[in-house]
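Working notes for the structure below.
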Amino acid sequence: MDERATWATRIGFILAAAGSAVGLGNIWRFPFLTGESGGAAFLVVYLLLVVGVGVPVLLVEFVIGRRSNRNPIGAFERLGHPGWKAAGAVGAIAAFIIFSYYSVVGGWVIQYVVASFTGGYGADAEAFFLSTASGTNAIAYHGLFMATVAGIVALGIRNGLEKAATVMVPTVVVLLVGLAGYGATLDGAGAAYSYYLAPDLSTIVGDAVSILPAAAGQAFYTLSLGMGIMITYASYIGEDRNLLQDAGVIVVLDTAIALLAGLVVFPFLFTQGIEPGEGGAGSIFISLAGAFQQLPGGELLGGVFFLMLLVAALTSAFSIFEVVVSYITDTFDVNRVPTALGMAAVLFVVGIPTALDLTYLDAYDLFANNILLILSGLLLSIFIGWVYAGEAVEELGKGRASDGRIEAIWLTTLRYVVPIVLAITLALSVRDYIGFLQESFL
Ligand code: PHE
């Protein structure tokens, strides 16, 4: 198939890519990692990584996608370097693992939607979260989330839902802004802001070593990088598009939503007397449920909020599921609908341990994000920086007036900065992961 459809409108591509990027990563994962990793120092390292590594790698995926007009597996063949398919394969494995537990967290969100509309989150927000997060109910709602994603993809009504997301994502933003404003009036706000926004610069270099794996993993996760998703989306865009501008819009939007989520979570946690790291994976749920309970009309507001979060989670989930399914349908000659349903069943089973015990959720999450996505990003940057540089630079120059300066900076970053940072990160991540496994399972 040489003639490929291109996105009908500029906004279509941006919305799909932003729909993938904005999801549980911004609202659930970012604040809890920040809370576990020391607040403002984590924020600084994370922001540096988004700009210095995330943006160049996002452009790598855009360039590979548009240049090849292919999915991530076919792309490297098409570009004449079939051996680099391995990079795509690492990403596909990461997508598989991530999706298996993304669906579990999606199931928590459904439970919070239901709870909001049917009588609340119980007296103790922490206890309510723990009962939501693991057990047979967590497995059942994981199944429901999985079935919803597979059903929508199999029925081919994804477009309809993505249209809904164009309303939902702005709604999430408005709600977050409102909640952050309310958070600013709470007693704990001052302490929360200094924890979240005022880094201790004297220790930040030393802290960076312990922060790097989580911050880099989050930068990849939140921008949907390292799995070939952005390669796939960019394979449909025309040569008249300015990739740099599109990347800018997506990164700014994604980062802004994560920052806002932090501005909501920390004042709420501090006001409820919960230590920022203590909430763990439950931070957003505990802090919001606690706050919604206090507010007049809070449960209705909570219902709306969690419903919007669910839609944001679904649009991200489609993009991951798609990679897994197209990997199978492209590699083996099988049909789409049975593959989608079969994969959903397999992924459901694979995700079950994470619905029983949060330690397994960590084990999946750390392995996929801090190791596999980083490895995939490392391979991609070496490929473009050292193997495919000339063509890549030409591709990035299309669709805009260019004097080659930005391309030169991009290339230097990809040759030196990104590989060095990611190689160090990978070594630290592997070391930390072994430590984590020993501590948790031995
Ligand atoms: N970026 C999405 C989010 O922030 C999650 C995601 C991860 C989507 C991996 C695709 C791939 O929720």
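Because the structure is predicted, anything quoted here is derived from the model rather than measured. Counting starts at 1 for both ligands and their atoms, following the listed order.
- Protein heavy atom nearest atom 4 (O) of ligand 1, with residue, atom name and distance: A21 O, 2.8 Å.
- At least one heavy atom of Y102 lies less than 4.0 angstrom from ligand 1.
- Aromatic ring orientation, F30 versus F42: tilted (interplanar angle from 30° to 60°).
- An N or O contact shorter than 3.5 Å links G25 to ligand 1 by distance.
- Between F220 and the choices L58, N369, V57, the side chain to side chain contact (heavy atoms under 4.5 Å, CB included) rule is met once, by V57.
- Among the atoms of L24, some N or O lies under 3.5 angstrom from an N or O of ligand 1.
- Scanning the protein heavy atoms around atom 8 (C) of ligand 1, the nearest turns out to be S224 OG, 3.3 Å.
- At a heavy-atom distance under 4.0 Å, only side-chain atoms of M227, from C-beta outward, approach ligand 1.
- With respect to R67 and E391, no salt bridge is recorded, no charged nitrogen being found less than 4.0 Å from a carboxylate O.
- Counted by atom type alone, Y233 and S224 present zero donor-acceptor pairs between their side chains at under 3.5 Å.
- A salt bridge between R336 and E322 is present, with a side-chain N of the basic residue lying under 4.0 Å from a carboxylate O of the acidic one.
- Relative ring orientation between Y102 and Y221 is described as tilted, the plane-to-plane angle lying within the 30° to 60° band.
- Taking every non-hydrogen atom of N26 and a distance limit under 4.0 Å, the qualifying atoms of ligand 1 come out as 4 (O).
- For atom 2 (C) of ligand 1, the closest non-hydrogen atom on the protein side is S20 O, 3.2 Å.
- Regarding atom 1 (N) of ligand 1, its nearest protein heavy-atom neighbour is Y221 O, 2.8 Å.
- Taking the six-membered ring for Trp and thresholds of 30 and 60 degrees, Y112 and F285 have ring planes inclined between 30 and 60 degrees apart.
- Contact atoms of ligand 1 toward G23: 3 (C), 4 (O), 12 (O) (distance under 4.0 Å to a heavy atom of the residue).
- Between E77 and K85 a salt bridge is recorded (basic side-chain N to carboxylate O distance below 4.0 Å).
- Between Y388 and H81, the ring-plane angle classifies as perpendicular under the 30° and 60° cut-offs.
- Distances below 4.0 Å separate heavy atoms of S319 from the following atoms of ligand 1: 10 (C).
- Contact annotation: for D254 versus ligand 1, there are no heavy atoms closer than 4.0 Å.
- For ligand 1 and I229, the ligand atoms under 4.0 Å from any heavy atom of the residue are 10 (C), 11 (C).
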